[in-house]
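Step one of this worksheet: look at the structure below.
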Protein chains: 2
Amino acid sequence: MQSTHLREHNLSAVLRALQAAGEPTSRAGLASLTRLTKPTVSKLVEELIGAGLISEGDPISAGAGRPMVPLRPAAGTLLAIGLEIAADHVSCLGVDLTGSELSRRTVYGRAASAEEAIARAAQLVREVRADAPDLPVVGVVAAVPGRISPDGRLVLSAPNLDWTDVPLVEGLRTHLAPEAGDIVALNDNRLSVLTEIDRRPSESFLYVRGSTGVGGAVVLEGSVLEGTHGWAGELGHTVVEPGGLTCRCGRRGCLEAYISYHALVEQAGLGPEVRIEDLVDELSRSSSRAEVIGVIGRSLGLAIANALNILDLSTVVLSGYLAPIAEEITPVVRETVTAHALAAEAGPISIERSDTTPDPALRGAARAALQPVFDAPGAWISRAATPAGRTA
Amino acid sequence: MQSTHLREHNLSAVLRALQAAGEPTSRAGLASLTRLTKPTVSKLVEELIGAGLISEGDPISAGAGRPMVPLRPAAGTLLAIGLEIAADHVSCLGVDLTGSELSRRTVYGRAASAEEAIARAAQLVREVRADAPDLPVVGVVAAVPGRISPDGRLVLSAPNLDWTDVPLVEGLRTHLAPEAGDIVALNDNRLSVLTEIDRRPSESFLYVRGSTGVGGAVVLEGSVLEGTHGWAGELGHTVVEPGGLTCRCGRRGCLEAYISYHALVEQAGLGPEVRIEDLVDELSRSSSRAEVIGVIGRSLGLAIANALNILDLSTVVLSGYLAPIAEEITPVVRETVTAHALAAEAGPISIERSDTTPDPALRGAARAALQPVFDAPGAWISRAATPAGRTA
DNA sequence: TTCGCTTAGTAAGTTTCCATTACTAACCGC
DNA sequence: GCGGTTAGTAATGGAAACTTACTAAGCGAA
């Protein structure tokens, strides 16, 4: 590491520590969190304040001693933009460094083509920018329900959108002024999980999200496992029944063939807009409700158990349409997991439902767009020095 | 990071770069590998030479320019000790920083008790130390075929050894002088894989090792995934047939119940000392050979496919008793994996056989015992004879 | 042979950055 | 108001790495 990078490293450490603390913290507090000395932290904080990344509050007296000057991530000094491109809507969310919503836009309805969806998305980004015209933009992250090339530029396939090899980033870039910052596309499941990571920082868990299919993510000590192609954690095509039902993907016995919303809807012969809670009710008319829950629980449990065996994790978070029925299916899932997961021998497997914040993918995308600031605050300090706003 | 730690970081970076290079490298070469400047590398190298961690060779001329002074990890300057505790033998291997074998000892025969096995192991360690009495000992790593507590001190269970809750490290420590350095126990599968990592540094792959059971490891960019309890990658108890055969572990449908050496031997009604190649022959007398290969290949393939789906990897390495029959089973495994693994859509899944170096666990243990030197070379510099190398 | 080119390595001085030490600031309780 | 306590700053010093400029040593072509 060059000595130049040391400062960058420490700036980042201070900013991260402040965010991780989750509450206003004094310079002295940051010093003990980062194990840097008080003078060093003072200097770094001064720079970060200068760059508009940290803000000071009024001194707070807490017991004896000089009152601390509370520091927190600065609100309203920059704009990070998240996009969500879904089958039936496109949403855009602008947040500042605190993660607070600055602006939000949505267009409902299915786009006729990828080009149209991209044009809509770009329009929303422009509107969100216009709501905060003076703020520099960190970047744009788009959540897409599909597979994305490792460099985050190309949507390889997104079945629900009917997209194949769509150059999303290039498309957005042609519609947007270059000051929009970096634009990157990421998988919606691996963005949704960021919201969950905020709730339980530095934990390790398996995240299972039911949307149209069944996706998920693997979180190891607070960071999302990417995998070779960027789709690690995709639980949907785990084989739970060799030679079983044929899945939409053409394979047999996939988890999705048994428990995806899509599969269940088809199985029940219902319309596409049934809520999952009603769906289970509907299904339980033909067979017994316990049986339906049993099928979901057992196949899901088996897939989870196999994943936990490989990863040696002991926490599972159920999200998406699995969250509302989590309470009901958990006993069966737990039973199956306990019966098959090795980790169950070392201690109980925790099966939890996710945070119920709406639009986790959208929020996660905005959250991801903020990341460069935490990773490299130095870039923002040089920017603050040259008020032109653009890096040379 | 404090500025004190910067030096440590860079010393480590230089030493690692030298090892990773795999061939003698000049100071200038290290500078470009580490992105440090030549003078900085020169200084760091000087320290490492003083500490006996790097050695200089005679200048080598390669084309134009001044000949380089080749640097390599120093041979015979320190001793790292690996232990392997198996059901029918205990082995001990001493290596230096280059990984070269300095000394090796083995005692065959099953120990009557854990205490006896530990006493044997300690004796071997003493003998290996006695073979190189002047070298400082980095530490001792013991490979154990079982589950080990996360702190590496306690063997929770090792079915083949008939061990439960054995305080291995404490036991070894009472037999050994404290200068033996840190003593740690680790799982044999996750140590075996280190040999494979040396062959393909920084790659990601799934390592599947057939021994008495079926174990494995997950390697992500050159580092072994540990998991919550330290047994990530254990493929043996993946469910490949829900409600299928009963496994030794009491569960049903585990991979091990189908393809472990143990299971196959039992299935064939043979003695315990059959070689795997003969075993397959033997089994093929009752049914057709293709059928036996088919069962192994399909169940293994299914387990691998599920693991690859979760982890998004595209390389598998077969090791242990799977290596000698790799060629035969690979077609079926590949077919099954390709049929079920999502990653197969992005490109071919590579299924390879492991390095055939004998005693991979023992070698891996010694390799792991070396790790502290690469992680923190600074500790060895202070130990070195003359830190008075400060030029005024 | 000699001169220029190229690469390896070193020396000296400078810069950057953090730690140390010692201080001031501000508040509490007695 | 006075000690105790915590927050924060100022000045200095030292460690580490960078920059620049040099020497060392070989190759090859004029």
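- Closest approach to the B:S42 side chain among C:dA26, D:dG26, C:dT10 is made by C:dT10 (side chain taken as heavy atoms from C-beta onward).
- At whole-Å resolution of the value, CG in A:L44 and C1' in C:dT16 are 13 Å apart.
- Look at CZ on A:R35: it is 12 Å from P on C:dA19, rounded to the nearest Å.
- Atom CG in A:L30 sits roughly 18 Å away from atom P in D:dT6 (whole-Å rounding).
- Rounded to a whole Å, the CG atom of B:L11 is 9 Å from the P atom of D:dA16.
- Counting any heavy atom pair closer than 4.0 Å across all strands shown, A:T37 reaches a base atom.
- Shown here for A:A217 and A:R190, the closest heavy-atom pair between the two residues is CB-CG, 3.8 Å.
- Considering only side-chain atoms of B:T40, the nucleotide from D:dC27, D:dA17, D:dT9 that sits closest is D:dA17.
- Atoms CZ (B:R7) and C1' (D:dC18) sit 13 Å apart, rounded to a whole Å.
- The residue B:G29 sits apart from the nucleic acid: no heavy atom pair falls under 4.0 Å.
- Each of B:A28 and A:E8 was assigned the nucleotide of DNA chain C with the nearest heavy atom; the assignment lying further toward the 5' end belongs to B:A28.
- Rounded to an integer number of Å, the gap from B:L6 CG to D:dG14 C1' is 14 Å.
- Applying the 3.5 Å distance criterion, the base of D:dA25 shares no donor-acceptor pair with the side chain of B:R66.
- For C:dT10, the OP1/OP2 oxygens have a side-chain nitrogen or oxygen of B:R27 closer than 4.0 Å.
- Each of A:K38 and A:G63 was matched to the nucleotide of DNA chain C holding its nearest heavy atom; the match closer to the 5' end belongs to A:K38.
- Put simply, NZ on A:K43 is 11 Å from C1' on D:dT12, counting in whole angstrom units.
- If you check D:dG8, C:dA8, C:dC27 against the side chain of A:S61, the one that comes closest is C:dC27.
- Here B:L11 contributes atom CG and B:W380 contributes atom CH2; the two are 14.5 Å apart, rounded to the nearest 0.5 Å.
- In this structure, B:D96 and B:L370 approach most closely via the heavy-atom pair O-CD1, 3.4 Å.
- In this structure, A:E47 places its CD atom 13 Å from C1' of C:dC18, rounding to the nearest Å.
- Residue-level contact check: B:V41 touches neither bases nor backbone, having no heavy atom under 4.0 Å from any strand.
- Remark: the A:R153 side chain and the A:S149 side chain contain no N/O donor-acceptor pair separated by less than 3.5 Å.
- Counting heavy atoms from C-beta outward, B:V218 and B:L311 have side chains that approach closer than 4.5 Å.
- The phosphate of C:dC17 has neither OP1 nor OP2 within less than 4.0 Å of any side-chain N or O from A:N10.
- Within 4.0 Å (heavy atoms only), B:P39 reaches at least one base atom of the nucleic acid.
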